[in-house]
*Asks:* 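Below are the structure tokens for one structure; questions will follow.
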Amino acid sequence: MTEPVTIERISREEFDAVAKWSIESQAIRKLQPGEAIKFPCRWKHSGNTKSCHGAAMAAHAAKRENIHIRFRCYKGNCYVLRLGEGGE
């Protein structure tokens with residue numbers, strides 16, 4: 001027989017306290033509409049297009065907050081712009 005499992009509801013704040021979000025991900029999640037940030041790129045670039053793996057990190061961070069962003073990796077820096085409502 002298996003032991004009973006205790007499942008407990010927690011707050012988002014409690015989850016965030018134990019989650020290991022990268023500093024870049026945390027900054028993206030805090031962006032307000034129209035705000036932009038840049039930070040040094042530390043991700044691999046793959047394929048003939050040299051696509052930046054940081055783009056996936058940024059997209060994931062934005063998705064968690066249900067926000068829309070634009071991401072560019074240019075000359076060793078990542079640029080992230082949070083779009084306004086409706087993708088503007």
Side-chain angles (χ1 to χ4, degrees):
M1 247 177 126
T2 60
E3 296 282 326
V5 174
T6 302
I7 299 174
E8 179 182 348
R9 289 196 183 274
I10 62 171
S11 67
R12 179 177 181 150
E13 291 77 21
E14 185 176 351
F15 180 80
D16 285 344
V18 298
K20 301 296 183 199
W21 310 124
S22 71
I23 194 160
E24 298 93 348
S25 181
Q26 291 174 39
I28 290 168
R29 294 172 65 200
K30 292 178 183 176
L31 285 173
Q32 297 300 310
E35 288 185 333
I37 57 174
K38 79 173 186 177
F39 45 86
C41 182
R42 60 181 177 89
W43 292 271
K44 287 177 33 177
H45 292 77
S46 62
N48 292 335
T49 61
K50 303 292 185 209
S51 62
C52 177
H53 289 213
M57 175 281 304
H60 188 69
K63 185 177 181 179
R64 283 195 301 262
E65 295 301 315
N66 198 28
I67 63 175
H68 299 280
I69 63 168
R70 291 283 183 253
F71 176 91
R72 298 289 182 268
C73 184
Y74 181 70
K75 293 188 177 182
N77 286 302
C78 295
Y79 297 81
V80 182
L81 167 68
R82 178 175 172 178
L83 302 174
E85 299 302 317
E88 299 172 0

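From a predicted model like this one, the values you see are computed outputs, not experimental measurements. Worth knowing before you read on, the calculation uses all heavy atoms, side chains too, and leaves out hydrogens, waters and symmetry mates.
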*Asks:* Is it the case that atom CD1 in Ile10 sees more than 12 heavy atoms from other parts of the structure closer than 6.0 Å?
*Replies:*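 More than 12 within 6.0 Å, yes.
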
*Asks:* What I want to check is whether the side chains of Ser46 and His53 have a donor and an acceptor closer together than 3.5 Å.
*Replies:*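 There is such a pair (donor and acceptor under 3.5 Å, judged by atom type) between the side chains of Ser46 and His53.
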
*Asks:* About how many Å separate NZ of Lys38 and SG of Cys78, when rounded to the nearest 0.5 Å?
*Replies:*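 Reported value, rounded in 0.5 Å steps: 11.0 Å.
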
*Asks:* How is the hydrophobic cluster of Tyr74 composed, in terms of its other members, when Ile, Leu, Val, Met, Phe, Trp and Tyr link through side-chain heavy atoms under 4.5 Å apart, directly or indirectly?
*Replies:*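 Tyr74 clusters with Tyr79.
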
*Asks:* Would you mind listing every salt bridge (charged side-chain N to carboxylate O under 4.0 Å, His left out) that reaches into residues 41-52, with sequence neighbours excluded?
*Replies:*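 Non-adjacent pairs meeting salt bridge (charged side-chain N to carboxylate O under 4.0 Å, His left out): Glu24-Arg42.
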
*Asks:* To which residues is Trp43 joined in a hydrophobic cluster, defined by side-chain heavy-atom contacts under 4.5 Å among Ile, Leu, Val, Met, Phe, Trp and Tyr, whether direct or through other members?
*Replies:*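 Its cluster partners, ordered by chain and number, are Ile28, Leu31, Ile37, Phe39, Met57, Ile67, Ile69, Phe71, Val80.
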
*Asks:* So, taking the atom named CZ in Arg29 and the one named CZ in Arg82, what distance separates them when rounded to the nearest 0.5 Å?
*Replies:*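 Rounded to the nearest 0.5 Å, the CZ-CZ separation comes to 12.0 Å.
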
